[in-house]
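Read the structure below first, then the notes.
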Amino acid sequence: MDSAVIDLVAHRGPDGCGWKVFPGPLGPVTLAHRRLAIIDTSVHAAQPMCDAGGRYWIVYNGEVYNYRELRSELETLGRRFATQSDTEVILAAYAEWGETCLDRFVGMFAFVLYDSQMQRIFAARDRFAIKPLYYMVRGDGLAFASEIKQLLRVPGFVPRMNLPRLYDFLSTGITDHTAETTFADVRQLRNGECLTADLHTFRWTDPLPVRRWYRLPQSGTIECSADEAARRFRELLTDSVRLHLRSDVPVGSCLSGGLDSSAIVSLIDRQFRLDGSQAAVNTVSACYEERAVDERPFMRAVNAATRSAPHYVFPKPEDAFGRAEQITWHQDEPYGSTSIFAQWCVFEEAKRQEIKVMLDGQGADEQLAGYHGGFGYHLASLLRSGRWMALARTMWERRQFHGVALRQQIRALVGPILPGRLAGLLARSRQTLVEHDWLASGRFRGDAFPANPFGAMLRAEGLGPIRDIGDLCVAMTQATNLPMLLHYEDRNSMAHSVEARVPFLDHRLVEFSIGLGARHKIVGGTTKFVLRQAMAGVMPDVVCQRRDKIGFATPELEWFRGPLRRSLEVAVEDVLSGYPGLLNTGGTRLLVKEMLDGSRPIDFRLWRIVNVGIWGRVFNVNL
């Protein structure tokens, strides 16, 4: 076993290293692991680990939070345990229940399990793709990895751009929405997928037998009052936080000052008090001197209302560029904005404070339609259903609460209410006016590059047209948003040997939220209504009732038109010269110039262009 391949991800597991080699019908089977010790930090819980009978072996990344309850159940069935780890519980659960054990796990996980008796591989990824699992099938073997960079070490592999997925990223900012990656020939198990490969019958030329073991429930199947919805949501989130606090090492929380992270910090404090603990909640927050994106007043309100030990970091514009290669190396693929750099700084500070586990509010916006872009779909559904009073109230409150003009709201209605074909024509028209001059080129012509990438993403997932915010929540959770954001968070946290946990993604809570459909999410001009009702009296009113949404933003406008302008201009030229023909040279230069000069608003396309060049250089990717 080449230890260098494991050591590439030593940041994911600085607490131990191990491997095991088995003879197999198609050649040796090697299991290798770098350990981040969180639960049962003793050497007895090291990996690769085998079950009590010595038949099943596993390498595993993540946490199964209900491992204590599962262990008790398995003990009543005669299973015995030698450690206090959740890893051993997974092995025993598989030995007892086979592949259906996945349905019993509450948590985040990616693992490869080897049945040494039957010579069979079983690999699985959690319901929402919180933890990564990549693979590559070559002519003489199959390789799995937690990070793509490990697979790039496969002998004879030449990194090449996967142009359809790169197009998706450049045009929409979305990644991780398919099994493909931006590297040609590197794939991933997606959210809720698993595979079983019998090495006696499998051939390297065969497609991997990937199947989906988990699907989100149908949207809109739960009907209940607003009060009942709030009560059930609060109960589910509270229990999720309780489980996510299980750890044998220090636990803290990210705190942005928004609803989601503030709810998590408030519930951690409440759980500490219920447990009789005097511990303070360690919080880490990113702050800025630019008031438009600085959320310190809300952070301070939460820290003052809880027994918190706050830690503040101030991301610097020069570091956004200075660290971009390092962050890109850890991310493996291009990332969409400098907010990823700000998140990097938060986890860097967590490591500095020796906080090994961090809870975060990721996932709430997707299941609760928390992004303000959801208002267009909501208004369209109110219009289609003839709910005129609700429509008028929502538009008026949006104007009052968020300053959105009525004309702008009406314009946002056009796309969602048009029939699919007309919506597609509109998207193509917008593409011609907005995208064509910079993105359209010889590399990005043809049927493989649709004018409406979002529509193609939804069709690939078997999702129909988005008719209301219930449908939107399914799309964002399953395909277009959440998998990408979880990718960013996992790589940023693990780069600093910190485990990020996301209590909003307890599947019991997500299933309830999705079951609500469009109910109790947007009410009038208020977003995430059920969360606000659930947390009333639990977190400070100033946070619970805030109407604005900053969304963990950085002051990109000031940075890009100020200290980073020259660096951006040089980086764009590097992309155009390093990958000639990838982008339209004249259109790209014009787009960038107009953004930096102020004649066009700054948007995320600028960083996406720049970061594709950084990514290509870091990994020596061929066009």
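Keep in mind that the numbers below use all heavy atoms, side chains included, and drop hydrogens, waters and symmetry copies.
For the pair Arg532 (side chain) and Thr527 (backbone), a donor-acceptor distance under 3.5 Å is present. Counting only distance, with no hydrogens or angles, the side chain of Arg212 and the backbone of Asn191 share a donor-acceptor pair below 3.5 Å. Here the side chain of His507 pairs no donor or acceptor atom with the backbone of Arg127 at under 3.5 angstrom. A donor-acceptor pair is defined here as one N or O able to donate and one able to accept, closer than 3.5 Å; such a pair exists between the side chain of Asp86 and the backbone of Val64. Glu193 places a side-chain N or O within donor-acceptor distance of the main-chain N or O of Arg190, the cut-off being under 3.5 Å. Checking side-chain atoms of Asn492 against main-chain N and O of Gln343 turns up no donor-acceptor pair under 3.5 Å. Gln47 places a side-chain N or O within donor-acceptor distance of the main-chain N or O of Tyr60, the cut-off being under 3.5 Å. No donor-acceptor distance shorter than 3.5 angstrom exists from the side chain of Lys521 to the backbone of Phe529, with no hydrogens or angles considered. Judged by distance alone, the side chain of Arg508 and the main-chain N or O of Asp239 form no donor-acceptor pair under 3.5 Å. A donor-acceptor contact shorter than 3.5 Å is absent between the side chain of Thr221 and the backbone of Pro217.
A side-chain donor from one of Arg125 and Gln188 sits under 3.5 Å from a side-chain acceptor of the other. In this structure, a donor-acceptor pair under 3.5 Å is present between the side chains of Glu147 and His11. Asp40 and Ser42 form a side-chain donor-acceptor contact under 3.5 Å, judged by distance and modelled atom types alone. Side-chain N/O atoms of Thr477 and Gln367 include no donor and acceptor closer than 3.5 Å. For the 3.5 Å distance criterion, the side chains of Asn303 and Thr283 qualify, holding a donor opposite an acceptor.
Inter-residue side-chain proximity for His177 and Ile174 is flagged as met; some heavy-atom pair is nearer than 4.5 Å. At least one side-chain heavy atom of Leu74 sits less than 4.5 Å from a side-chain heavy atom of Glu96. Phe401 is listed as a side-chain neighbour of Glu397, based on a closest heavy-atom distance under 4.5 Å. Inter-residue side-chain proximity for Tyr114 and Tyr56 is flagged as unmet; no heavy-atom pair is nearer than 4.5 Å. With contacts defined as side-chain heavy-atom distances shorter than 4.5 Å, the pair Asp319/Lys316 qualifies. In this structure, Thr100 and Leu102 have side chains that are not in contact, with every pair of non-hydrogen atoms separated by 4.5 Å or more. For the pair Phe347/Glu489, a side-chain contact is recorded, criterion being any heavy-atom separation below 4.5 Å from C-beta on. When side chains are defined from C-beta on, Thr338 counts as touching Trp607, because their heavy atoms get closer than 4.5 Å.
Between His330 and Trp344, the ring planes lie tilted relative to each other; the angle falls in the 30° to 60° range. Using bins of under 30°, 30° to 60° and over 60° for the plane-to-plane angle, the ring pair Phe512/Phe233 lands in the tilted bin.
Judged by a 6.0 Å distance limit and a 45° cone about the ring axis, Arg546 is positioned over the six-membered ring of Phe298.
Look at Glu69 and Arg246 and you find a salt bridge, because one of the NZ, NE, NH1 or NH2 atoms lies within 4.0 Å of a carboxylate O, short of that distance. Ionic pairing of Arg323 and Glu348 is present here: one or more N-O contacts between side-chain nitrogen and carboxylate oxygen are shorter than 4.0 angstrom. Under 4.0 Å is where a charged nitrogen must lie from a carboxylate oxygen, and between Asp51 and Arg79 no such pair does. Ion pair Lys149/Asp332 flagged as a salt bridge, since at least one NZ, NE, NH1 or NH2 atom sits closer than 4.0 Å to an Asp/Glu carboxylate oxygen. Salt-bridge check for Asp360 with Arg501: failed, with every basic side-chain N at 4.0 Å or more from each acidic carboxylate O. One finds no salt bridge joining Asp15 and Arg35 here, because no Lys/Arg side-chain nitrogen approaches an Asp/Glu carboxylate oxygen to under 4.0 Å. A salt bridge is defined here as a Lys NZ or Arg NE, NH1 or NH2 lying under 4.0 Å from an Asp or Glu carboxylate O, and Asp490 with Arg12 meets this definition.
The distance from atom CD1 of Ile522 to atom NE2 of His520, rounded to the nearest 0.5 Å, is 13.5 Å. Taking CD from Glu511 and CD1 from Ile514, the interatomic distance works out to 9.5 Å, rounded to the nearest 0.5 Å. Distance check, rounded to the nearest 0.5 Å: CD of Glu88 to OG1 of Thr83 gives 3.5 Å. Here the OG atom belonging to Ser308 is positioned 9.5 Å from the NE2 atom belonging to His311, to the nearest 0.5 angstrom. Interatomic distance, CD of Glu223 versus CZ of Arg519, reported as 4.5 Å (0.5 Å rounding). Atom-to-atom distance recorded for Ile38:CD1 and Ser247:OG is 5.5 Å, nearest 0.5 angstrom.
In terms of heavy-atom proximity, Ala263 sits nearest to Leu531 at CB-CD1, 4.4 Å. Minimum interatomic distance between Ser146 and Asn61 (heavy atoms only, all atoms of both residues): OG-ND2, 4.2 Å. Closest non-hydrogen pair, Ser253 versus Ile264, comes out as OG-CG2, 3.8 Å. Residues Gly374 and Leu472 approach most closely at CA-CD2, 3.6 Å, considering heavy atoms. Scanning both residues, Pro315 and Cys287, for their nearest heavy atoms gives CD-O, 3.4 Å. Closest non-hydrogen pair, Ser262 versus Val543, comes out as OG-CG1, 3.5 Å.
Within a 6.0 Å radius of CD in Glu235, more than 12 heavy atoms belonging to other residues, nucleotides or ligands are found. Counting non-hydrogen atoms of other residues, nucleotides and ligands closer than 6.0 Å to CZ of Arg273 gives a total above 12.
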(message) As a quick check of understanding, evaluate side chain to side chain contact (heavy atoms under 4.5 Å, CB included) for Phe604 and Glu556, giving each step before the final call.
(response) CA-CA 9 Å; Phe604 293 137; Glu556 283 192 337; 3.7 Å; yes
(request) List the steps and the verdict of salt bridge (Lys or Arg N to Asp or Glu O under 4.0 Å) for Glu228 and Arg231. (result) CA-CA 5 Å; Glu228 175 65 9; Arg231 183 189 67 78; 2.6 Å; yes
(message) Before you tell me yes or no, could you show the steps for Thr554 and Val293 under side chain to side chain contact (heavy atoms under 4.5 Å, CB included), namely the whole-Å CA-CA distance, both residues' side-chain angles and the distance that decides it to 0.1 Å?
(response) CA-CA 6 Å; Thr554 58; Val293 295; over 6 Å; no
(request) Output, in order, the C-alpha distance, side-chain angles, deciding distance and verdict of side chain to side chain contact (heavy atoms under 4.5 Å, CB included) for Gln353 and Asn282. (result) CA-CA 9 Å; Gln353 298 297 332; Asn282 279 285; 5.5 Å; no
(request) For the pair Glu499 and Lys356, evaluate side chain to side chain contact (heavy atoms under 4.5 Å, CB included) and give the outcome as yes or no after the intermediate values. (result) CA-CA 6 Å; Glu499 180 176 270; Lys356 204 168 185 178; over 6 Å; no
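His378 and Phe375 have their aromatic ring centers separated by at least 6.0 angstrom. In summary, the aromatic rings of Tyr94 and Phe122 are positioned with their centroids under 6.0 Å apart.
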